Amino acid sequence: MELRRVDDAAALAMAAAGLVVDAVQARPDAVLLAATGETPMGCYAELARRAFDSSRVRVAQLDEYTGVTEVDPRSLYGWMRRSLCDPLGIDEDRIIRLRPDADEASACRAYEVAVAAAGGIDLAILGLGPNGHLGFNEPPTDVDAPTREVALTASSIESNGRYFAEAVPERARTAGMNLILAARRVVLLVSGSRKADILRRVLQAEPTPWLPASWLHQHPDAIVLADAAALGDATHS
Ligand code: F6R
C-alpha cells in the first residue's frame, strides 16, 4: 500500500483524476469501479473538465441499496450516472450495474459474470467508510468475500443519511472484497479531518476482517491518496 499525501481536497481531486486519465490512456476501454459518496465527487468533476478520450471507458457500479431503483433520489446508480457517467458520455451499454431489484443471488451473480466478461477491473476508485468499509463491505468482511447483499451497520446508515432526506435503507449490495482486491490498481481517496482516526487505524493495521480497508495492505498496487486533514495535520481542516 502506497501512501500519497496531498494538501487538500482540491489537490486530491486533481491527483485522483490524473490516475484515472493514466488508466484510460494505458487502456482506452478501461473498466473503472466507481464509488459514490462525497469524496470522489471532486475527482469526477475534474474528469469532466479534462480533455481525454472517454469514448470507450467502461464503469462498474460499486454498490447499491437493496430495493432502491434509479428513480429514487437515494439510488447510488443514479448518483454515479449524474456525477461520472453522464458528464463523460458513458452510456448504459458501458455500465455494469449491480441491480437492486432482482433477487440477491441472480443480481450478484450477473454482476460478477459481467465484470469477469469485461476482463476485470482496471482501476477501483474507492472512498473510506467511517468504520473502515470499502463499498459496503462492512466489518467483519473476509478477504475473499464475494459480491453479496449485506446488512448495513449503524455507522454506515448514519454516515450516508446525511445525503438524503429519506431514510437510508438498511440493506445494500456491494462488489465483493474479492473483486476489489483483484482490481489491477486501487486508489483509496481520503479527505477531511473526520477521516483522520479511521485512516490512521487503516494505515497501521495488520489486515483484519474487522477493518475491511486494511485488506488493501495485501494488494500489489493500492494507492492511498489522502489530504493533510485526513492525515491528521492539525494545520489543515
Ligand atoms: C459509496 C461507497 C462508500 C463510500 C464511503 C465514504 O459508493 O461505497 O463506501 O465510499 O462510505 O463515503 P464519503 O466519501 O461520503 O465519506
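Values reported hereafter were calculated over all heavy atoms of this structure, with side chains retained and with hydrogens, waters and symmetry mates removed. Worth saying up front: this structure is predicted, and the values here are computed from it rather than measured. If you read the sequence from its start, that first residue is 1, and numbering goes on from there. Ligands are counted one by one from 1 in listed order, and the atoms in each one are counted from 1 as well.
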If we only count heavy atoms from C-beta on, is the Thr141 to Pro209 side-chain gap below 4.5 Å? no
In terms of residue, atom name and distance, what is the protein heavy atom nearest to atom 2 (C) of ligand 1? Asp63 OD2, 3.2 Å
Could you tell me the residue and atom name of the protein heavy atom closest to atom 11 (O) of ligand 1, and the distance to it rounded to 0.1 Å? His133 NE2, 2.7 Å
Hey, does the Lys NZ or Arg CZ of Arg97 hover above the aromatic six-ring of Tyr77, less than 6.0 Å from the centre and inside 45° of the axis? yes
Compute the minimum heavy-atom distance from Trp79 to ligand 1 and say whether it is under 4.0 Å. no
Show the atoms of ligand 1 that are less than 4.0 angstrom away from any heavy atom in Gly135. 3 (C), 8 (O), 9 (O)
Against ligand 1, does Arg194 come closer than 4.0 Å with any heavy atom? yes
Atom pair CG (Asn160) and CG (Leu76), whose distance is rounded to the nearest 0.5 Å: 7.5 Å
Within 4.0 Å of some non-hydrogen atom of Tyr163, the atoms of ligand 1 are 13 (P), 15 (O)
Of the protein's non-hydrogen atoms, which lies at the shortest distance from atom 6 (C) of ligand 1, and what is that distance? Leu128 O, 3.4 Å
Atom 1 (C) of ligand 1: nearest protein contact (heavy atom, Å): Thr36 OG1, 3.4 Å
For ligand 1, which atoms have a heavy atom of Leu62 less than 4.0 angstrom away? 8 (O)
I'd like to check which ligand 1 atoms, numbered from 1 as shown, lie under 4.0 Å from a non-hydrogen atom of Gly129. 5 (C), 11 (O)
Between Ser214 and Glu206: side-chain donor-acceptor atoms closer than 3.5 Å: no
Could you tell me the separation between the CD atom of Gln61 and the CE atom of Met80, rounded to the nearest 0.5 Å? 5.0 Å
Sub-4.0 Å heavy-atom contact, Arg162 with ligand 1: yes
Under 4.0 angstrom from ligand 1, any heavy atom of Ser159? no
Give the atom numbers and elements of ligand 1 that come within less than 4.0 Å of a heavy atom of Glu38. 13 (P), 14 (O), 15 (O)
Asn160 to ligand 1: N or O pair under 3.5 Å? no
I'd like to know if the side chain of Thr147 pairs up with that of Glu112 as donor and acceptor (distance under 3.5 Å, no hydrogens or angles considered). yes
Taking only heavy atoms of Lys195 into account, list the atoms of ligand 1 that are under 4.0 Å away from them. 6 (C), 13 (P), 16 (O)
A side-chain contact here means heavy atoms from C-beta on lying under 4.5 Å apart; do Leu231 and Arg5 qualify? yes
Quick one: sort the Trp79 and Tyr163 rings into parallel, tilted or perpendicular, breaks at 30° and 60°. perpendicular
Would you please say whether a donor-acceptor pair under 3.5 Å links the side chains of Asp103 and Ser106? yes
Per-atom contacts of ligand 1 with Gly127, taking only distances under 4.0 Å to non-hydrogen atoms: 10 (O)
Under 4.5 Å between side-chain heavy atoms, hopping through other hydrophobics if needed: is there a path connecting Leu32 to Leu62? no
Could you tell me whether Glu38 and Arg162 make a salt bridge, using a distance below 4.0 angstrom between a side-chain N and a carboxylate O? yes
What part of Thr39, side chain, backbone, both or neither, has a heavy atom within less than 4.0 angstrom of ligand 1? both
